[in-house]
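For reference, the structure discussed in these notes is given below.
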Amino acid sequence: MDQIKGAAVSVQQSVADAGEIVLRERPTMEHVLLVLFLAAATYMYLGASEFAAAAAVFPRVTAGVTIVLSILLLFRNYLPGPIRSFVAEPMQLGSKEAIMGEDEDDDGDDEPAEESTQQAGAYTYDIDDPRGPAVTGLLCVLYMVLTFTIGMLYATPIFVALYAYWAKMEKFRAISLTILSFVIAYAFYSLITSDIAIGFYTEWRLPVP
Amino acid sequence: MSFAVFLGAVEALLNPVTLGWVFVGIIIGIIVGALPGLGPPLGMAIILPLTLPLQPADAIILLIGVYSGSMYGGSIAAVLINTPGVSSSAATMFDGYPMSKQGKAAEALSISATASAISGLFTITALILFSPLLITMVLAVGTPERFLIAVLGLAMITVVTRGSVAKGILAGVTGLLVTTVGSAPMTLDRRYADSLLLFDGIDFVAVLIGLFAIAEMMKLAGQEGGIAEGDVVIGGSVLEGVKTTVRHPVTIVKSGMIGMIVGAIPGAGATVSNFVAYSEAVRSSDDPDSFGTGNEMGVLASEASNNGTVAGSLVPALSFGIPGSSSTAVLIGGLLMHNLRPGPSMFQADGNLLLTYTMLLALLAGNVLILAFGLTMVTKLGYLTKIDTDYIIPMVVVLSFLGTYALRVNPIDIVTIIFFGVIGFYMVRYNYSVIAFVLGVVLGDIAEDNLYRSLQLSDGSWMIFINPFEYGRWISPFIVLAIVALLFGPFIKRAISR
């Protein structure tokens, strides 16, 4: 197990080193996101050639802009000053500095002022425990797999029970929450659609368009 | 004609079922707003699939009730545990929490409820009174201008929200790109739909739920705190809070108007407006040093502004389908889901004007409910801040999965919410505007439709957008200039100053 872990770390290190040479900065998940945008947009730009002229205009324009901006952002460290400024530097009309002026620093209460900096942007946050998002994401994927195999009605309590176990929830509360989740799923099953009880092993079929 | 429709809307609202949905929406909104980590877009996104069996008017009224209620609900956590339930209550914390520590939590919460309600009543009334003018303006705008206004909305979001302009544009354009999967809106060509599962395209409701619910829950799972430790004591006088609020009508009206104006700017929303209103209250005060230590005016200004934002954000949303905030993006999603297209038809007497007026009147009624609920339930509100996020996360995920799947019973929607949940998580982490992305997804079909029609008018020439002499469209070049100025103006100014 340790050997596998060691090999994985070594491969990750090599990829990161190579990426650093190409990008002139340590690769992060942002670069993965940009590569994903670039790959999808390139596929869609090329694929648009198969559509009728009128139907191809919009995908071609949007995919073209996505390709150009993804490349600019990926290789921002190669760009000359003014273009780099456009690509990489924040420039907001509604930035906190513009709104609050210097009053913020003078209110004599540093803690809320710091928090306000975070909140004014509204899209910035700290992660105290990186395992939290990773485990939640993985459990969602497992929930999806179970949905496809046994149906969402039965996958739901399993997902909640696993989450409660991971969150080290008190036993009584964990069981209550699991039962509640099944009740909600059952309400969907009986009131909205019975299809949520069907998975790959229980007669699932492709939907009719 | 419009007045007759207005009277029809009054009659529709007085239907007990419709009023019931207003009530349900406001209560859900207050709860969602009060729970730290949740917020109006998330609450609305989860509710969205559940509205499918409802009549369109009831569904939209429910959604708008959640939106309005959560604006008030956000102040509960801000005042009691120094954590804004929603980002639009961030400035409420500055004085609300110190008031709470001084044993005046009930006073702060009743100021919040009263200011929210009065400001909401004032701004919605203003919107109803100005609606004939708005209707004239919207109906005067043609197809090419509507396409350009969509692009302008996207451009405004990229400069208003956090991050670089390039990142903002990329987010918005990628959102537009997502909508090209499936049938083309006008020609009905099948695009990128190699699998039968993608025949109807990527469902925007699934994208919204992924971005707002799954991404937010992943984020919340990595954060500590946010819930009350020990008993929350709610002391102070409710009546004193009401008296304080009604003694300052100028601050309420001013903050409400700030909220309304800022709310109408795409992307700015209540997060920005409550800071603007708060700083204006500090600037115009005789005792600015008392702000941040428990000044009632801080709570009043912040809360009056964020409810005013609701009215403002509806203007671009209903007129052109451009959301002023994430919440209005979900609201537009709700309109589209119920086959109601934002734009001129929302203001035509033979179109959906009745629904538009009913919606605005429902908001008025909703603000009365906020006042009643806020003042009578003040002492019970502390319970909401004690719910651990460990219980919230799995239930939100479950409701997201069930709601999304129930809409179309298409497995691709489950893949979509997870995929866009992860994408949204990292977009937020690296300052790519999620609002711009959502705007792109919501606006995609409308923008493509208007682009298609515009190019048909000009026989395929893009000059229709910039050459008024040939095509007689005199507004278009000005909108194009505004877009260019918004995107490149700050950089040109900076380059010149260097």
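Below, chain A is the first sequence line, B the second, and so on; all start at residue 1.
Using a 4.5 Å cut-off between heavy atoms, B:Leu402 contacts chain A through both its backbone and its side chain. For a residue to count as touching a neighbouring chain, one of its non-hydrogen atoms must lie under 4.5 Å from one of that chain's; by this rule B:Leu176 touches chain A with backbone and side chain alike. With a 4.5 angstrom heavy-atom cutoff, B:Ala184 touches chain A only via side-chain atoms. Interface remark: B:Val422 contributes no atoms to any contact with chain A (heavy atom separation under 4.5 Å). Contacts of A:Leu33 with chain B are made by side-chain atoms alone, with heavy-atom separations under 4.5 Å and no backbone atom involved. Heavy-atom distances place no part of B:Tyr97 under 4.5 Å from chain A, backbone and side chain included. In this structure, the portion of B:Ile393 lying under 4.5 Å from any heavy atom of chain A is its side chain and not its backbone. For A:Met169, the part lying near chain B is the side chain, with the backbone staying farther off; criterion is any non-hydrogen pair under 4.5 Å. Residue B:Ile412: no heavy atom, backbone or side chain, is found under 4.5 Å from chain A. Residue B:Ile417 does not touch chain A at all, counting heavy-atom pairs closer than 4.5 Å. Proximity to chain A (any heavy atom under 4.5 Å) is shown, for B:Phe401, by both the backbone and the side chain. If you measure heavy-atom distances from B:Ser400 to chain A, you find no contacts under 4.5 Å at all.
Heavy-atom pairs under 4.5 Å with chain B peak, among A:Trp166, A:Phe159, A:Tyr143, at A:Tyr143. Taking chain B as the reference chain and counting heavy-atom pairs below 4.5 Å, the highest number among A:Leu34, A:Thr147, A:Leu72, A:Val32 is found for A:Leu34. Interface remark: of the candidates A:Pro133, A:Ala41, A:Ala63, A:Pro133 forms the most heavy-atom pairs closer than 4.5 Å to chain B. When the candidates A:Gly137, A:Pro59, A:Ala167 are compared by the number of heavy-atom contacts under 4.5 Å with chain B, A:Pro59 comes out ahead.
Taken to the nearest 0.5 Å, the CD1 atom of B:Ile418 stands 4.5 Å off from the CE atom of A:Met144. Considering SG of A:Cys140 and CZ of B:Phe419, their distance stands at 15.0 Å, rounded to 0.5 Å. One finds the OG1 atom of A:Thr136 at 12.5 Å from the CD atom of B:Glu216 (value rounded to the nearest 0.5 Å).
Contact annotation: the side chain of B:Lys167 approaches that of A:Glu30 to within less than 4.5 Å [non-hydrogen atoms, C-beta and beyond]. In this structure, B:Tyr192 and A:Phe51 have side chains that are in contact, with non-hydrogen atoms separated by less than 4.5 Å.
A donor-acceptor contact shorter than 3.5 Å is absent between the side chain of B:Arg191 and the backbone of A:Ala48.
Between B:Asp189 and A:Ala52, the closest heavy-atom pair is OD2-CB, 3.4 Å. Considering all non-hydrogen atoms of both residues, B:Leu170 and A:Leu69 come closest at N-CD1, 3.7 Å. The nearest pair of heavy atoms linking B:Tyr430 to A:Met29 is OH-N, 3.6 Å. In terms of heavy-atom proximity, A:Tyr163 sits nearest to B:Asp390 at CE2-O, 3.6 Å.
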